[in-house]
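Presented below is the structure to which this report refers.
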Amino acid sequence: MAMATSPFLHPIHILEFRRCPFLPLNSQFPPRLHFLPRRFPSSSTIRASSAVLMESDTSTRQDQAKETEIFACPVCYEPLIRKGPPGLNLSAIYRSGFKCRRCNKSYSSKDMFLDLTVTAGLRDYAEVQPVRTELFRSPLVSFLYERGWRQSFNRSGFPGRDEEFKMAQEYFKPAEGGLLVDVSCGSGLFSRKFANSGVYSGVIALDFSENMLRQCYNFIKQDDTLLTSNLALVRADVSRLPFSSGSVDAVHAGAAVHCWPSPSNAIAEITRILRSGGVFVGSTFLRYTSSTPWIIRPLRERILQGYSYLTEEEIEDLCTSCGLTNYSRKIQQSFIMFSAQKP
Ligand SMILES: C[S@@+](CC[C@H](N)C(=O)[O-])C[C@H]1O[C@@H](n2cnc3c(N)ncnc32)[C@H](O)[C@@H]1O
């Protein structure tokens, strides 16, 4: 049971928290955290935000710098309080428990991923998402994904993993040195490359599928440098991203938009978590392009019904309606890679 691994459940940890060295004996608990804006682009720190612990009831106000978690509660977006070893690497996060002070909800790791879905830890309620999301939760599809499934996208114009990575890195230039979230990472084929590149202070591989995240972990553990790098695995819904507003430098979403239950909610969420100047890069299959013969279009509409296959105009419309600017895209057959920036 997920909650059994949470250190928050045991009273001893509450006692330990009360003895936190940051806190004078007469201070309120839990402390109030206030965010300070951070300059963009970020420094080498892996923390997305710095916070100041404020002691309001003392005459000489003592402000103490304290790092807060990059993760926020998916229910209320309050930054989570962490109990456990610091760091964004797999083992530190696995050994940590996370708690929302406002919702009083605890989050912990299952296998090697941290479950930050709204439904994390629920016993009776199980949510079923649309087919395009559920398909990738299957162990078989997750296993096959990097063993032929993804490679088959090349037939529709996808340039392939190495070339797509290069294209994305070009778009991400303004976000270098910052925190990158690889949303809908699947088995982590790009997350691993982003983490290995050394260009980002931290990489979070995020997906809704537990089995994709297990695959992701299996690939990561074959590479010692990745095991100890600033790479975390998180389960979350793209429509409810567990990060504070304006706390992320770069969001990547490879071959994903067509799988999302609501691209508009997803892009609104991505925009929310990006900081000013932050960059979103996505790729997907287009419903059709300007060169698709008119006679074929209704057929494609019919076949792709129930999926979120968009046209290039729809993608640009969604990005700009969420307030993103500097929209740019590259198209090859049905493949589109697009980029937009938070003003
Ligand atoms: C086609 S795979 C893309 C994987 C990888 N990014 C790539 O470039 O190959 C689509 C991914 O979207 C994920 N996905 C579907 N619905 C999602 C949701 N609501 N929230 C987060 N991820 C979701 C699936 O689990 C799947 O791993």
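None of the values given here were measured: they were computed from a predicted structure. Start at 1 and go down the list; that is how both ligands and their atoms are numbered. Values below: every heavy atom of this structure, side chains too, minus hydrogens, waters and symmetry copies.
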N or O pair under 3.5 Å between V183 and ligand 1
no

Numbering the atoms of ligand 1 from 1, which are under 4.0 Å from a heavy atom of S184?
3 (C), 4 (C), 5 (C), 6 (N), 11 (C), 12 (O), 13 (C), 14 (N), 21 (C), 22 (N), 23 (C)

For F165, the option from F194, F158, F190 that meets ring-ring contact (aromatic ring centres under 6.0 Å, His included)
F194

Can you check whether R132 has an N/O within less than 3.5 Å of an N/O in ligand 1?
no

Of the protein's non-hydrogen atoms, which lies at the shortest distance from atom 15 (C) of ligand 1, and what is that distance?
T133 OG1, 3.6 Å

Is R150 close to ligand 1, meaning an N/O of one under 3.5 Å from an N/O of the other?
yes

Working to the nearest 0.5 angstrom, can you tell me the gap between S106 OG and K99 NZ?
4.0 Å

Could you tell me whether D182 and ligand 1 have an N or O pair separated by under 3.5 Å?
no

Could you check whether E210 pairs with R137 (Lys NZ or Arg NE/NH1/NH2 to Asp/Glu carboxylate O, under 4.0 Å)?
yes

Cation-pi between R329 and Y327: NZ/CZ under 6.0 Å from ring centre and within 45° of the ring axis?
no

Between F335 and F153, is the ring centroid distance below 6.0 Å?
no

How far is atom 25 (O) of ligand 1 from the closest protein heavy atom, and which atom is that?
D207 OD1, 2.6 Å

Out of A236, S142, P261, C259, whose heavy atom sits nearest atom 10 (C) of ligand 1?
C259

Which of the numbered atoms in ligand 1 are under 4.0 angstrom from any heavy atom belonging to D237?
18 (C), 19 (N), 20 (N)

Which protein non-hydrogen atom lies closest to atom 4 (C) of ligand 1, naming both residue and atom, and how far is it?
Y145 OH, 3.3 Å

Any side-chain heavy atom of V248 sitting closer than 4.5 Å to one from L241?
no

Does the side chain of V257 reach to within under 4.5 Å of the side chain of I336, using non-hydrogen atoms?
no

Ligand-side contact atoms (ligand 1) for residue partner F190, heavy atom cut-off under 4.0 Å:
8 (O)

Under 4.0 Å from ligand 1, counting heavy atoms only, is it the side chain of L189, its backbone, both or neither?
side chain

Can an N or O of H258 be found at a distance shorter than 3.5 Å from an N or O of ligand 1?
no

Proximal atoms of ligand 1 relative to G186 (non-hydrogen, under 4.0 Å):
4 (C), 27 (O)

Could you tell me the residue and atom name of the protein heavy atom closest to atom 20 (N) of ligand 1, and the distance to it rounded to 0.1 Å?
V238 N, 3.0 Å

Parallel, tilted or perpendicular for F285 and H258, by the 30°/60° rule?
perpendicular

Polar contacts were defined as any N/O atom of the residue lying under 3.5 Å from an N/O atom of the ligand; does this apply to G254 and ligand 1?
yes

With atoms numbered from 1 as shown, which atoms in ligand 1 lie under 4.0 angstrom from a non-hydrogen atom of F208?
17 (C), 18 (C), 20 (N), 21 (C), 22 (N), 23 (C)

Would W260 count as being in polar contact with ligand 1, using the rule that some N or O on each side must be under 3.5 angstrom apart?
no

Can you tell which part of C185 has a heavy atom less than 4.0 Å from ligand 1: side chain, backbone, both or neither?
backbone

Side-chain heavy atoms of I220 within contact of L90, under 4.5 Å:
yes

As an exercise, state the distance from CG of D124 to OG1 of T119, rounded to the nearest 0.5 Å.
12.5 Å

Evaluate the side-chain proximity of V281 to S339: yes if any heavy-atom separation is below 4.5 Å, no if none is.
yes

Looking at CD1 of I273 and CG of D249, how far apart are the two atoms once the value is rounded to the nearest 0.5 Å?
10.0 Å

Proximal candidate to atom 1 (C) of ligand 1 [heavy atom criterion; set A255, G282, S239]
A255

Does a side-chain N-to-carboxylate-O contact under 4.0 Å join R150 and E164?
yes

Distance under 4.0 Å to a non-hydrogen atom of M212: what atoms of ligand 1 satisfy this?
27 (O)

